[in-house]
Amino acid sequence: MEHVLGIGGYFMRAADPAALNAWYRDCLGLDTDEHGLWRQAAGPTVFAPFESETDYFGSRSQQTMLNFRVRDLDAMLAQLRARGADVAEETQDMEGVGRFGWVTDPEGNRIELWQPA
């Protein structure tokens with residue numbers, strides 16, 4: 001059986017794509033080329049469907065949530081707050097999995113930040 005090799009892209013609608021791309025670059029350090037190509041660090045990726053009624057993604061209109069791995073969650077959250085980003089106050093620790101925090105991008109998309117255990 002053929003199988004997928006990994007995630008090849010994540011695409012989203014935006015009212016102002018250039019401004020949203022700049023936010024991801026300036027706030028999260030996601031440095032892409034002119035085609036959106038980003039060479040990410042190797043590491044685990046989680047693929048997990050959630051119940052349709054979940055509030056975990058924030059707004060019910062948000063059907064998916066992007067999760068980024070980070071080295072230091074506290075440092076990343078402080079960096080985002082310093083740039084005026086909409087950062088959730090709470091964080092979550094999951095034994096054996098890691099720590100989680102959340103930020104909402106300028107288009108209203110909730111993003112999860114994960115510091116693996």
Side-chain angles (χ1 to χ4, degrees):
M1 176 181 153
E2 283 296 313
H3 61 275
V4 298
L5 303 175
I7 294 175
Y10 185 83
F11 309 98
M12 64 183 91
R13 298 175 197 269
D16 186 343
L20 189 59
N21 190 54
W23 185 88
Y24 278 85
R25 182 193 63 235
D26 298 343
C27 290
L28 295 175
L30 204 155
D31 193 21
T32 61
D33 71 10
E34 68 274 10
H35 303 291
L37 183 64
W38 170 47
R39 301 244 180 237
Q40 62 182 302
T45 299
V46 175
F47 180 83
F50 279 65
E51 292 291 332
S52 63
E53 299 300 313
T54 188
D55 291 326
Y56 194 73
F57 300 173
S59 167
R60 291 275 172 101
S61 65
Q62 184 173 334
Q63 295 296 305
T64 64
M65 183 171 61
L66 186 55
N67 170 298
F68 287 116
R69 290 184 314 269
V70 299
R71 262 188 304 274
D72 184 332
L73 180 63
D74 293 327
M76 177 59 81
L77 295 176
Q79 173 181 299
L80 288 163
R81 286 185 179 107
R83 291 183 103 21
D86 180 10
V87 178
E89 289 299 319
E90 75 277 1
T91 59
Q92 181 182 19
D93 294 300
M94 290 183 68
E95 188 174 331
V97 177
R99 298 184 61 228
F100 299 89
W102 299 270
V103 62
T104 301
D105 76 17
E107 295 272 342
N109 301 299
R110 182 173 161 105
I111 300 160
E112 186 168 68
L113 303 169
W114 172 34
Q115 179 181 325

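This one's a predicted model, so the numbers in the text were calculated from it and none came from an experiment.
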Exactly one of Asn67, Val87, Leu66, Leu73 clears side chain to side chain contact (heavy atoms under 4.5 Å, CB included) with Leu113, and that residue is Leu73
Ionic contact status for Arg99 with Asp93, cut-off 4.0 Å | yes
Is the shortest side-chain N to carboxylate O distance from Arg110 to Asp105 below 4.0 Å?
-> no
Report the C-alpha separation of Arg60 and Asp55 in whole Å, then their side-chain angles, then the decisive distance to 0.1 Å, and conclude whether the side chain to side chain contact (heavy atoms under 4.5 Å, CB included) test is met.
-> CA-CA 7 Å; Arg60 291 275 172 101; Asp55 291 326; 3.0 Å; yes
Start with the C-alpha distance between Tyr10 and Thr64, add both sets of side-chain angles, then the distance that settles side chain to side chain donor-acceptor pair (under 3.5 Å), and finish with yes or no.
-> CA-CA 10 Å; Tyr10 185 83; Thr64 64; 2.7 Å; yes
Expected output: side-chain Trp102 to main-chain Tyr56 donor-acceptor under 3.5 Å = no
Same apolar cluster: [X] and [Y], side chain cutoff 4.5 Å:
X: Phe50; Y: Trp114; answer: yes
X: Val46; Y: Phe57; answer: yes
X: Leu80; Y: Leu20; answer: yes

Please test Leu28 against Met76 for side chain to side chain contact (heavy atoms under 4.5 Å, CB included), starting from the C-alpha separation and ending with a verdict.
-> CA-CA 8 Å; Leu28 295 175; Met76 177 59 81; 3.9 Å; yes
Heavy atoms only: give me the nearest Arg69-Gln40 pair and the separation to one decimal.
-> NH2-OE1, 4.0 Å
Indicate the atoms forming the closest heavy-atom contact of Pro17 with Ala14, along with that distance.
-> CD-O, 3.6 Å
Any pair with a residue in residues 67-90 that passes ring pair (Phe, Tyr, Trp, His ring centres under 6.0 Å), sequence neighbours left out, goes on the list, sorted by first then second residue, please.
-> Trp38-Phe68
Atom pair [atom1] ([X]) and [atom2] ([Y]), whose distance is rounded to the nearest 0.5 Å:
X: Gln79; Y: Asp26; atom1: CD; atom2: CG; result: 10.0 Å
X: Thr91; Y: Gln115; atom1: OG1; atom2: CD; result: 10.0 Å
X: Gln63; Y: Met65; atom1: CD; atom2: CE; result: 12.5 Å
X: Gln92; Y: Glu112; atom1: CD; atom2: CD; result: 7.5 Å
X: Asn109; Y: Tyr24; atom1: CG; atom2: OH; result: 5.5 Å
X: Glu107; Y: Asp16; atom1: CD; atom2: CG; result: 7.0 Å

Above 12 or not: heavy atoms from other molecules or residues under 6.0 Å from CD of Glu90?
-> yes
Within a reach of under 6.0 Å around CG of Leu37, are more than 12 heavy atoms found that belong to other residues, nucleotides or ligands?
-> yes
Verdict with supporting geometry, Leu77 and Val103, side chain to side chain contact (heavy atoms under 4.5 Å, CB included) | CA-CA 8 Å; Leu77 295 176; Val103 62; 5.7 Å; no
Determine whether Phe47 and Val4 make a side-chain contact, defined as any pair of heavy atoms from C-beta on separated by less than 4.5 Å.
-> no
